K.L.:
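One structure is given below, represented as structure tokens, and several questions about it will come after.
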Amino acid sequence: MSLFSTSSFSLETLKQAAALVYQHMPPTPQYEWPQLSGYLGTTLWVKHENHTATGAFKIRGGITFMNWLSQTEPDCRGIITATRGNHGQSQARAAKAFGLEAHIVVPHGNAREKNDAMQAFGANLIEHGSDFDAAKQEAMNRASAANLVMVPPYHSEIVVGVATYALELFNAVRDLDVVYVPIGCGSGVCGLVQTRDILNLKTRIVGVVSTEADAAKQSFEAGQLIETKSAHTFADGMAVRAPIPEAFAIYSRGVDHMVAVTDEEVAQAIRLYFACTHNVAEGAGAAALAAALQEKAQLQGQKVGVILTGGNIDTEVMSAILRREPV
């Protein structure tokens, strides 16, 4: 049984989830930065999920999922999951808080500093495969053999926690015309869509993908799931080849449209965040700003929100981007 009755996903559900999340971390801020608004040519609000306890929005879902797991499977000794970083940090930190083991599978060549952070939060790190989808399959294979609970990248108990960032944003700025949000496995965009809907807001939501990992956009436009052959982008939070069906069912009906951004557009958004706000954004974290800037001509006179989903970017990558060198 879900502690939060996620099948109904009510306002009360969100409030209960928020109360739990706030036992582990405070709400994150949202600011209107004048220089960024100037670049966009209209009012721009940034939701700073890079200010969480793990540097990304995923920690919220880690807390609610692990709380649910501790109640539904009290004899569980640990979890296993796959990640490119932020989901893994979230699950590792939350598992430790609830007294559980955390085994995290990442692809070879994953961001070194994200790997270091996961291990610092107590994870047993396992490297396998060339991308996220291969790592996910390995985690699933190991789960039953090791008697571990497999934490999927998308789960209703994760989404209800993640959605608390949307509740904060919409409570603070209720008259947003449009919000841009990156899409990886989908918990962030689905939390945003469902929260908007239960608050009966008219805000348009725009999903953002990488041009090099655009399965979600292709699927949205085709009206059916489409898998790409590769997902080679430094914006690893969006580097997913296959959409999650449960997430697609929500964002396919809930977003206004989708935008694909290039790695160079993402790099430029990272530089703007640093120059205008001195906040560090990772690739997926800067994607929403990149998309808004791509569509700036049609946004004039509107109040725009972007989700800075995380700031966990390796030092070497950030340095190269600031020097305008290839990543």
Side-chain angles (χ1 to χ4, degrees), residues 36 39-40 56 83-86 107 109-111 114 129-136 153 178-190 192 204-244 247-248 251-252 254-274 281-299 304 306-314 317-318 320-322 324-327:
L36 289 181
Y39 273 100
L40 191 63
T83 188
R84 291 301 304 266
N86 290 335
N110 198 52
K114 285 185 176 180
S130 61
D131 59 20
F132 166 77
D133 295 272
K136 182 176 69 173
V178 59
V179 178
Y180 289 80
V181 59
I183 298 179
C185 290
S187 63
V189 64
C190 290
L192 194 64
R204 304 187 312 280
I205 294 173
V206 179
V208 185
V209 300
S210 168
T211 55
E212 309 309 305
D214 66 344
K217 184 173 186 289
Q218 287 192 40
S219 300
F220 174 77
E221 293 172 352
Q224 61 183 13
L225 294 173
I226 294 176
E227 181 176 345
T228 57
K229 293 182 179 180
S230 63
H232 298 305
T233 171
F234 83 89
D236 51 19
M238 300 187 294
V240 176
R241 286 191 282 114
I244 305 296
F248 178 73
Y251 66 69
S252 63
V255 304
D256 182 79
H257 65 281
M258 293 202 186
V259 177
V261 292
T262 67
D263 278 1
E264 179 48 40
E265 287 176 313
V266 170
Q268 174 60 13
I270 289 173
R271 288 190 287 267
L272 281 177
Y273 268 130
F274 190 74
E282 61 185 275
L289 176 59
L293 290 168
Q294 187 185 116
E295 297 196 327
K296 65 180 293 184
Q298 63 201 61
L299 295 174
V304 181
V306 294
I307 313 302
L308 201 175
T309 53
N312 297 320
I313 186 170
D314 274 8
V317 175
M318 184 67 178
I321 287 172
L322 293 179
R324 300 178 181 273
E325 297 174 355
V327 177

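All values below were derived from every heavy atom in this structure, side-chain atoms included, with hydrogens, water molecules and symmetry-related copies excluded. These figures come from a predicted structure and were not determined experimentally.
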K.L.:
Any idea which heavy atoms bring Ala213 and Thr233 closest together, and the distance?
P.N.:
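That closest heavy-atom pairing would be CB-CG2, 4.3 Å.
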
K.L.:
Any ion pair linking Glu264 and Arg271 (charged N to carboxylate O, less than 4.0 Å)?
P.N.:
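The answer is yes: the pair qualifies as a salt bridge.
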
K.L.:
In Å and rounded to the nearest 0.5 Å, what is the CZ to NE2 distance from Arg204 to His257?
P.N.:
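Rounded to the nearest 0.5 Å, the CZ-NE2 separation comes out at 7.5 Å.
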
K.L.:
Shortest non-hydrogen contact from Ala284 to Ala235?
P.N.:
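Result for this residue pair: N-CB, 3.7 Å.
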
K.L.:
Is there a donor-acceptor pair closer than 3.5 Å between any side-chain N or O of Glu212 and the backbone N or O of Ala239?
P.N.:
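Pair absent, no side-chain N/O of Glu212 close to backbone of Ala239.
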
K.L.:
Evaluate the criterion side-chain contact (heavy atoms from CB on, under 4.5 Å) for residue pair Val178 and Leu299; output intermediate values, then yes/no.
P.N.:
CA-CA 9 Å; Val178 59; Leu299 295 174; 3.9 Å; yes

K.L.:
What pair of heavy atoms forms the shortest contact from Pro182 to Thr309, and how long is it?
P.N.:
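Result for this residue pair: CG-CG2, 3.5 Å.
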
K.L.:
How far does NZ of Lys217 sit from OG of Ser210, to the nearest 0.5 angstrom?
P.N.:
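Separation between the atoms: 12.0 Å.
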
K.L.:
How many angstroms lie between OG1 in Thr211 and CG in Asp263, if you round to the nearest 0.5 Å?
P.N.:
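Spacing of OG1 (Thr211) from CG (Asp263) equals 6.0 Å.
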
K.L.:
What are the two closest non-hydrogen atoms of Leu308 and Ala281, and how far apart are they?
P.N.:
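Heavy atoms only, the tightest pair is CD2-CB, 3.8 Å.
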
K.L.:
Checking Ala297 now: which residues fulfil side chain to side chain contact (heavy atoms under 4.5 Å, CB included) with it, not counting sequence neighbours?
P.N.:
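Ala297 satisfies side chain to side chain contact (heavy atoms under 4.5 Å, CB included) with no other residue.
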
K.L.:
List the steps and the verdict of side-chain contact (heavy atoms from CB on, under 4.5 Å) for Ile307 and Val179.
P.N.:
CA-CA 8 Å; Ile307 313 302; Val179 178; 3.8 Å; yes

K.L.:
Dump the intermediate steps for side-chain contact (heavy atoms from CB on, under 4.5 Å) on Tyr251 and Ile205, then the final yes or no.
P.N.:
CA-CA 9 Å; Tyr251 66 69; Ile205 294 173; over 6 Å; no

K.L.:
To the nearest 0.5 Å, how far apart are OH in Tyr39 and NZ in Lys296?
P.N.:
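One gets 9.5 Å once the value is rounded to the nearest 0.5 Å.
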
K.L.:
Give a yes or no answer on whether the side chain of Ser252 reaches the backbone of Phe220 with a donor-acceptor pair at less than 3.5 Å.
P.N.:
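Looks like no, no N/O pair under 3.5 Å.
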
K.L.:
Can you give me the closest heavy-atom contact between Ile183 and Gly207, atom names plus distance?
P.N.:
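In this case the closest contact between Ile183 and Gly207 is CD1-CA, 3.8 Å.
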
K.L.:
I'd like to check the side chain to side chain donor-acceptor pair (under 3.5 Å) partners of Arg241; sequence neighbours left out, ordered by chain and number.
P.N.:
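Applying side chain to side chain donor-acceptor pair (under 3.5 Å) to Arg241 gives Asp131, Glu227.
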
K.L.:
For the residue pair Met318 and Ile270, establish whether any side-chain heavy-atom pair is separated by less than 4.5 Å.
P.N.:
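When only atoms from C-beta onward are counted, Ile270 and Met318 do touch, with a gap below 4.5 Å.
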
K.L.:
So how far is it from Tyr180 OH to Glu295 CD, rounded to the nearest 0.5 Å?
P.N.:
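Spacing of OH (Tyr180) from CD (Glu295) equals 3.5 Å.
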
K.L.:
Would Val306 and Tyr273 count as a side-chain contact (heavy atoms from CB on, under 4.5 Å) here? Give the steps.
P.N.:
CA-CA 12 Å; Val306 294; Tyr273 268 130; 3.5 Å; yes

K.L.:
Looking only at heavy atoms, which two atoms of Val266 and Phe234 are closest? And how far apart?
P.N.:
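Answer, listing the atom of Val266 first, then Phe234: CG1-CZ, 3.7 Å.
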
K.L.:
Out of curiosity, Arg84 CZ to Asn312 CG, how far, rounded to the nearest 0.5 Å?
P.N.:
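With rounding to 0.5 Å, CZ (Arg84) is 13.0 Å from CG (Asn312).
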
